[in-house]
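Encoded as C-alpha coordinates, the structure appears first; notes follow it.
In what follows, every heavy atom counts, from backbone to side chain, and hydrogens, waters and symmetry copies are set aside. First listed ligand is number 1; within each ligand, the first listed atom is number 1.
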Amino acid sequence: MKELEERIRREGAVEDGDVLKVDSFLNHQMDVGLFAAMGREWVRLFSGEEINKILTIEASGIGIACIAAQEFGVPVVFAKKSRTKNIAGDVYHVEAPSFTHGGVSDVIVSKRFLLPTDRLLLIDDFLANGAALEGLIELAKQAGATVVGAGIAVEKAFQPGGKRIRAKGIRVESLAKIKAMGKGQIEFC
Ligand code: 5GP
(Lines give C-alpha, C1' and ligand atoms only; values in the text may rest on other atoms or scores of the structure.)
Protein backbone atom coordinates (compact mmCIF):
# COMPACT_ATOMS: atom_id res chain seq x y z
CA MET A 1 0.00 0.00 0.00
CA LYS A 2 1.75 3.06 -1.36
CA GLU A 3 0.36 5.53 1.20
CA LEU A 4 1.71 3.46 4.10
CA GLU A 5 5.10 2.91 2.43
CA GLU A 6 5.48 6.64 1.81
CA ARG A 7 4.63 7.41 5.42
CA ILE A 8 7.22 4.88 6.62
CA ARG A 9 9.82 6.38 4.27
CA ARG A 10 9.08 9.92 5.51
CA GLU A 11 8.64 9.32 9.23
CA GLY A 12 10.06 5.89 10.08
CA ALA A 13 13.29 5.63 12.05
CA VAL A 14 15.38 2.48 12.22
CA GLU A 15 16.56 1.67 15.73
CA ASP A 16 19.08 -0.86 16.96
CA GLY A 17 17.87 -4.43 17.18
CA ASP A 18 15.88 -4.41 13.93
CA VAL A 19 13.16 -2.17 15.37
CA LEU A 20 11.39 0.30 13.12
CA LYS A 21 9.99 3.27 15.00
CA VAL A 22 6.75 4.58 13.49
CA ASP A 23 5.28 6.16 16.57
CA SER A 24 4.33 9.46 14.88
CA PHE A 25 1.47 7.80 12.96
CA LEU A 26 1.06 4.08 13.77
CA ASN A 27 1.52 3.06 17.36
CA HIS A 28 1.77 6.08 19.66
CA GLN A 29 0.30 9.09 17.89
CA MET A 30 -2.21 7.48 15.52
CA ASP A 31 -3.37 8.70 12.11
CA VAL A 32 -6.89 7.30 12.03
CA GLY A 33 -7.44 8.51 8.45
CA LEU A 34 -4.55 6.28 7.42
CA PHE A 35 -5.99 3.44 9.56
CA ALA A 36 -9.33 3.77 7.73
CA ALA A 37 -7.54 3.50 4.37
CA MET A 38 -5.71 0.41 5.70
CA GLY A 39 -9.03 -1.04 6.87
CA ARG A 40 -10.57 -0.49 3.43
CA GLU A 41 -7.56 -2.19 1.83
CA TRP A 42 -8.04 -5.29 4.03
CA VAL A 43 -11.78 -5.26 3.21
CA ARG A 44 -10.82 -5.28 -0.49
CA LEU A 45 -8.18 -8.01 -0.06
CA PHE A 46 -10.48 -10.27 1.97
CA SER A 47 -13.63 -9.60 -0.06
CA GLY A 48 -15.48 -12.85 -0.64
CA GLU A 49 -14.31 -14.20 2.72
CA GLU A 50 -16.74 -14.49 5.58
CA ILE A 51 -15.32 -12.63 8.59
CA ASN A 52 -17.43 -11.99 11.67
CA LYS A 53 -14.84 -10.78 14.18
CA ILE A 54 -11.40 -9.18 14.41
CA LEU A 55 -8.90 -10.44 16.97
CA THR A 56 -5.84 -8.44 17.94
CA ILE A 57 -3.37 -8.19 20.82
CA GLU A 58 -2.70 -5.28 23.14
CA ALA A 59 -1.44 -2.72 22.99
CA SER A 60 -0.44 -1.37 19.61
CA GLY A 61 -2.74 -3.58 17.52
CA ILE A 62 -5.87 -2.20 19.16
CA GLY A 63 -6.17 1.18 17.40
CA ILE A 64 -5.59 -0.29 13.94
CA ALA A 65 -7.95 -3.20 14.65
CA CYS A 66 -10.75 -0.89 15.88
CA ILE A 67 -10.74 1.24 12.75
CA ALA A 68 -10.46 -1.87 10.54
CA ALA A 69 -13.40 -3.39 12.44
CA GLN A 70 -15.45 -0.31 11.61
CA GLU A 71 -14.69 -0.81 7.91
CA PHE A 72 -15.65 -4.52 8.14
CA GLY A 73 -18.70 -3.80 10.30
CA VAL A 74 -17.71 -6.45 12.85
CA PRO A 75 -16.72 -6.40 16.55
CA VAL A 76 -13.13 -6.44 17.68
CA VAL A 77 -11.66 -8.42 20.57
CA PHE A 78 -8.19 -7.78 21.94
CA ALA A 79 -6.17 -10.42 23.72
CA LYS A 80 -4.84 -9.07 27.01
CA LYS A 81 -1.30 -9.36 28.24
CA SER A 82 -1.77 -10.38 31.85
CA ARG A 83 0.69 -9.59 34.60
CA THR A 84 -0.98 -11.87 37.13
CA LYS A 85 0.84 -15.13 37.61
CA ASN A 86 -2.31 -17.07 38.44
CA ILE A 87 -4.40 -17.29 35.34
CA ALA A 88 -7.79 -18.29 36.61
CA GLY A 89 -11.32 -18.18 35.36
CA ASP A 90 -12.91 -18.73 32.02
CA VAL A 91 -10.10 -17.63 29.75
CA TYR A 92 -8.08 -19.09 26.93
CA HIS A 93 -4.40 -18.66 27.72
CA VAL A 94 -1.11 -18.78 25.84
CA GLU A 95 2.45 -17.70 26.61
CA ALA A 96 4.00 -15.44 23.97
CA PRO A 97 7.51 -13.95 23.82
CA SER A 98 7.59 -10.18 23.25
CA PHE A 99 9.70 -8.85 20.36
CA THR A 100 10.08 -5.29 21.62
CA HIS A 101 10.19 -5.81 25.38
CA GLY A 102 11.83 -9.23 25.65
CA GLY A 103 10.53 -11.78 28.14
CA VAL A 104 7.34 -13.78 27.93
CA SER A 105 3.78 -12.53 28.44
CA ASP A 106 0.71 -14.46 29.47
CA VAL A 107 -1.84 -13.63 26.80
CA ILE A 108 -5.48 -14.26 27.62
CA VAL A 109 -8.91 -13.80 26.15
CA SER A 110 -12.25 -14.48 27.81
CA LYS A 111 -14.01 -17.64 26.61
CA ARG A 112 -17.14 -15.50 26.24
CA PHE A 113 -15.63 -13.56 23.34
CA LEU A 114 -14.14 -16.33 21.18
CA LEU A 115 -16.61 -18.91 19.90
CA PRO A 116 -16.32 -22.04 17.77
CA THR A 117 -18.55 -20.34 15.18
CA ASP A 118 -16.19 -17.34 14.84
CA ARG A 119 -14.40 -16.66 11.55
CA LEU A 120 -11.56 -14.41 12.58
CA LEU A 121 -9.34 -11.85 10.93
CA LEU A 122 -6.21 -11.33 13.03
CA ILE A 123 -4.78 -7.81 12.95
CA ASP A 124 -1.48 -6.48 14.24
CA ASP A 125 0.83 -3.54 13.61
CA PHE A 126 4.04 -5.52 12.97
CA LEU A 127 5.06 -9.02 11.94
CA ALA A 128 8.63 -9.85 12.96
CA ASN A 129 9.31 -13.36 14.31
CA GLY A 130 5.64 -14.26 14.35
CA ALA A 131 5.23 -14.96 18.07
CA ALA A 132 2.37 -12.49 18.56
CA LEU A 133 0.39 -13.93 15.64
CA GLU A 134 1.17 -17.48 16.72
CA GLY A 135 -0.25 -16.63 20.15
CA LEU A 136 -3.47 -15.35 18.56
CA ILE A 137 -3.68 -18.44 16.32
CA GLU A 138 -3.30 -20.68 19.38
CA LEU A 139 -6.06 -18.79 21.25
CA ALA A 140 -8.34 -19.20 18.21
CA LYS A 141 -7.49 -22.92 18.12
CA GLN A 142 -8.34 -23.34 21.80
CA ALA A 143 -11.73 -21.74 21.09
CA GLY A 144 -12.31 -23.91 18.00
CA ALA A 145 -12.65 -20.71 15.93
CA THR A 146 -11.55 -20.42 12.29
CA VAL A 147 -8.70 -18.10 11.32
CA VAL A 148 -9.59 -16.67 7.91
CA GLY A 149 -6.35 -14.72 7.67
CA ALA A 150 -4.12 -12.04 9.14
CA GLY A 151 -3.90 -8.36 8.26
CA ILE A 152 -0.55 -6.83 9.15
CA ALA A 153 0.42 -3.18 8.75
CA VAL A 154 4.21 -3.68 8.50
CA GLU A 155 5.88 -7.01 7.81
CA LYS A 156 9.64 -7.12 8.24
CA ALA A 157 10.16 -9.72 5.53
CA PHE A 158 13.81 -10.22 6.47
CA GLN A 159 12.63 -11.78 9.74
CA PRO A 160 11.10 -15.28 9.82
CA GLY A 161 7.52 -14.56 11.02
CA GLY A 162 5.84 -14.25 7.61
CA LYS A 163 7.28 -17.53 6.39
CA ARG A 164 6.39 -19.32 9.63
CA ILE A 165 2.77 -18.16 9.64
CA ARG A 166 2.22 -18.78 5.90
CA ALA A 167 3.72 -22.27 6.33
CA LYS A 168 0.77 -23.01 8.63
CA GLY A 169 -1.52 -22.35 5.65
CA ILE A 170 -2.66 -18.98 6.98
CA ARG A 171 -3.18 -16.16 4.52
CA VAL A 172 -1.18 -13.09 5.59
CA GLU A 173 -1.87 -9.73 3.93
CA SER A 174 0.79 -7.19 4.87
CA LEU A 175 0.25 -3.63 3.64
CA ALA A 176 3.96 -2.72 3.72
CA LYS A 177 6.69 -5.33 3.41
CA ILE A 178 10.23 -4.37 4.30
CA LYS A 179 12.95 -6.29 2.50
CA ALA A 180 15.87 -4.70 4.30
CA MET A 181 16.52 -1.77 6.60
CA GLY A 182 19.43 0.02 8.21
CA LYS A 183 20.27 3.45 9.56
CA GLY A 184 18.60 6.00 7.24
CA GLN A 185 17.59 3.37 4.68
CA ILE A 186 14.47 1.27 4.21
CA GLU A 187 13.94 -1.00 1.21
CA PHE A 188 10.46 -2.39 0.43
CA CYS A 189 9.76 -5.73 -1.27
P1 5GP B 1 6.68 -10.82 16.56
O2 5GP B 1 5.84 -11.44 17.64
O3 5GP B 1 6.14 -11.10 15.16
O4 5GP B 1 8.14 -11.13 16.69
O5 5GP B 1 6.58 -9.25 16.78
C6 5GP B 1 5.36 -8.61 16.61
C7 5GP B 1 5.07 -7.67 17.74
O8 5GP B 1 6.27 -7.01 18.19
C9 5GP B 1 4.12 -6.60 17.26
O10 5GP B 1 2.93 -6.75 18.01
C11 5GP B 1 4.80 -5.29 17.56
O12 5GP B 1 4.13 -4.63 18.63
C13 5GP B 1 6.20 -5.61 18.00
N14 5GP B 1 7.21 -5.28 16.96
C15 5GP B 1 7.95 -6.16 16.24
N16 5GP B 1 8.82 -5.53 15.46
C17 5GP B 1 8.63 -4.21 15.65
C18 5GP B 1 9.24 -3.04 15.09
O19 5GP B 1 10.15 -3.08 14.26
N20 5GP B 1 8.76 -1.84 15.53
C21 5GP B 1 7.76 -1.73 16.45
N22 5GP B 1 7.37 -0.52 16.80
N23 5GP B 1 7.17 -2.83 17.01
C24 5GP B 1 7.59 -4.05 16.60
Side-chain angles (χ1 to χ4, degrees), residues 1 4-32 34-35 38-39 42 54-69 76-83 93-109 120-141 147 149-189:
M1 185 182 160
L4 180 60
E5 287 185 8
E6 277 162 21
R7 231 18 216 283
I8 294 169
R9 253 189 232 294
R10 263 204 324 266
E11 296 177 39
V14 179
E15 312 238 303
D16 288 339
D18 284 335
V19 173
L20 176 66
K21 206 170 168 199
V22 281
D23 59 359
S24 61
F25 64 95
L26 201 75
N27 52 20
H28 192 6
Q29 177 167 252
M30 296 185 282
D31 182 340
V32 294
L34 175 65
F35 288 9
M38 289 161 51
W42 283 315
I54 286 178
L55 177 65
T56 187
I57 183 164
E58 70 174 3
S60 43
I62 297 175
I64 298 166
C66 285
I67 304 294
V76 55
V77 175
F78 67 93
K80 296 186 175 198
K81 290 180 184 158
S82 167
R83 274 175 211 90
H93 165 232
V94 70
E95 285 186 353
S98 163
F99 182 86
T100 37
H101 304 291
V104 173
S105 298
D106 291 303
V107 180
I108 60 166
V109 67
L120 304 171
L121 177 65
L122 313 179
I123 294 269
D124 205 3
D125 59 343
F126 275 89
L127 175 57
N129 294 325
L133 266 191
E134 276 178 341
L136 293 180
I137 291 164
E138 173 57 28
L139 291 172
K141 194 173 158 197
V147 175
I152 298 294
V154 186
E155 176 176 343
K156 292 183 291 178
F158 56 91
Q159 290 175 319
K163 221 178 199 172
R164 277 172 58 186
I165 302 296
R166 289 182 182 100
K168 294 176 188 284
I170 290 176
R171 178 176 170 193
V172 180
E173 294 290 354
S174 304
L175 302 185
K177 272 181 160 177
I178 296 177
K179 189 175 174 184
M181 64 185 205
K183 285 258 178 284
Q185 165 263 325
I186 296 169
E187 193 188 336
F188 293 97
C189 291

Revision key, fill the gap. Rounded to the nearest 0.5 Å, the CD1 atom of I62 sits from the CE atom of M30 at a distance of 9.0 Å
Result block: side-chain N/O donor-acceptor pairs under 3.5 angstrom for residues 128-139, not counting sequence neighbours:
residue	atom	partner	partner atom	Å
E134	OE1	R164	NH2	2.5
E134	OE2	R164	NE	3.4
E134	OE2	R164	NH2	3.1
E138	OE2	Q142	NE2	3.1

Check your understanding: With distance as the sole test, does E58 use its side chain to make a donor-acceptor pair with the main-chain N or O of K81 at under 3.5 Å?
Key -> yes
**Study point:** For S24, all residues meeting side-chain hydrogen bond (donor to acceptor under 3.5 Å, both in side chains), sequence neighbours excluded
**Key:** E11
Revision key, fill the gap. Closest non-hydrogen contact found for D125 with I152 is O-CG2, 4.1 Å
Review point. Under a 4.0 Å heavy-atom cut-off, what residues line ligand 1?
Key: D18, V19, L20, N27, S60, F99, T100, D124, D125, F126, L127, A128, N129, G130, A131, A132, K156
Review point. Who pairs with S105 by side-chain hydrogen bond (donor to acceptor under 3.5 Å, both in side chains), at least two apart in sequence or on another chain?
Key: none
